[in-house]
Each structure stands twice: as C-alpha cells, then as structure tokens.
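Predicted model, so just to flag it, every value in this text is computed and none were measured.
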Amino acid sequence: MNDAGEQGEPVLIAIPTIHSTTLLLWGIVIHWVLDWLLQNAWMADNKSSLLHPAAYVHSGIHFVGLLLIFPPLAALAIAIIHLLIDTRA
C-alpha cells in the first residue's frame with residue numbers, strides 16, 4: 001500500500017480561507033453598523049477621552065463585533081487601534 005503520509009510524504013489538509021478583500025469589506029460593514037447604528041449619544045460625546053468609560057465601552061463593542069469575522073487577537077488589535085484613533089488629541 002502507498003497511502004499519502006505512509007512513506008514520510010506530507011499530507012495536505014484543505015483549510016478554508018477568507019480572501020483579504022472579503023475581510024476588508026465585512027470589516028467596513030461591521031464598522032459602519034457599530035459606529036453609526038449602535039453608537040449612542042453618550043458614547044459619541046465622551047469616547048474622545050481615555051479617562052472616560054465611554055471610550056472603552058465603544059472599543060469593546062467594536063471588539064465583540066469584529067470577533068464575528070476576525071480571529072480574537074486580530075479583533076483585539078483592531079479594537080485597540082480604534083480606541084487610540086478615537087481618543088487622539
């Protein structure tokens with residue numbers, strides 16, 4: 001018998017991947033929904049200060065939304081970047 005992997009040959013496993021353009025598109029859609037539809041006045045008025053809880057609530061909501069399409073570490077990195085952009089002076 002000469003099955004794949006039996007003689008030290010590599011066994012290839014098909015792993016589904018998402019095209020980067022698809023990730024970008026869904027990231028934009030999720031950002032639009034979270035920033036325009038789910039953001040209330042309290043968050044919009046106070047998210048510009050790192051000392052205000054609204055900044056962290058807003059970026060936390062982004063983190064949860066981004067988990068729908070990105071791995072946890074990538075979603076966390078994007079949410080932190082979003083927090084820093086929103087609070088820049």
What are the two closest heavy atoms between Ala55 and Ser49, and how far apart are they?
CB-O, 3.4 Å
Trp26: what forms a ring-ring contact (aromatic ring centres under 6.0 Å, His included) with it, not counting sequence neighbours?
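Once residues adjacent in sequence are excluded, Trp26 has no partner under the ring-ring contact (aromatic ring centres under 6.0 Å, His included) criterion.
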Check side-chain hydrogen bond (donor to acceptor under 3.5 Å, both in side chains) between Ser20 and all other residues, then give those that pass, not counting sequence neighbours.
none
Would you mind listing every salt bridge (Lys or Arg N to Asp or Glu O under 4.0 Å) that reaches into residues 37-48, with sequence neighbours excluded?
Lys47-Asp86
Can you list every salt bridge (Lys or Arg N to Asp or Glu O under 4.0 Å) pair that touches residues 70-85, not counting sequence neighbours?
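For residues 70-85, and leaving out neighbouring residues, there are no salt bridge (Lys or Arg N to Asp or Glu O under 4.0 Å) pairs at all.
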Report the residues that fulfil side-chain contact (heavy atoms from CB on, under 4.5 Å) with [X], sequence neighbours left out, ordered by chain and then residue number.
| X | value |
| --- | --- |
| Ser48 | none |
| Asn46 | Trp42, His52, Ala54 |
| Trp32 | Trp36, Leu37 |

Which donor-acceptor pairs under 3.5 Å do the side chains of residues 61-80 make with protein atoms, sequence neighbours left out?
from	atom 1	to	atom 2	distance (Å)
His62	NE2	Asp35	OD1	2.9
His62	NE2	His58	NE2	3.4
His62	NE2	His82	NE2	3.3

Flag side-chain contact, heavy atom, 4.5 Å: Gln39 against Leu34
no
Can you find a heavy atom in the side chain of Leu24 that is under 4.5 Å from one in the side chain of Ile28?
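Contact flag for Leu24/Ile28 side chains = yes.
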Connected to Leu83, directly or through other members, by ILVMFWY side-chain contacts below 4.5 Å are Leu50, Tyr56
For Ile81, which fellow cluster members are found when Ile, Leu, Val, Met, Phe, Trp and Tyr are connected by side-chain heavy-atom distances below 4.5 angstrom, either directly or through intermediates?
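When side chains under 4.5 Å apart are linked, the cluster holding Ile81 also contains Ile85.
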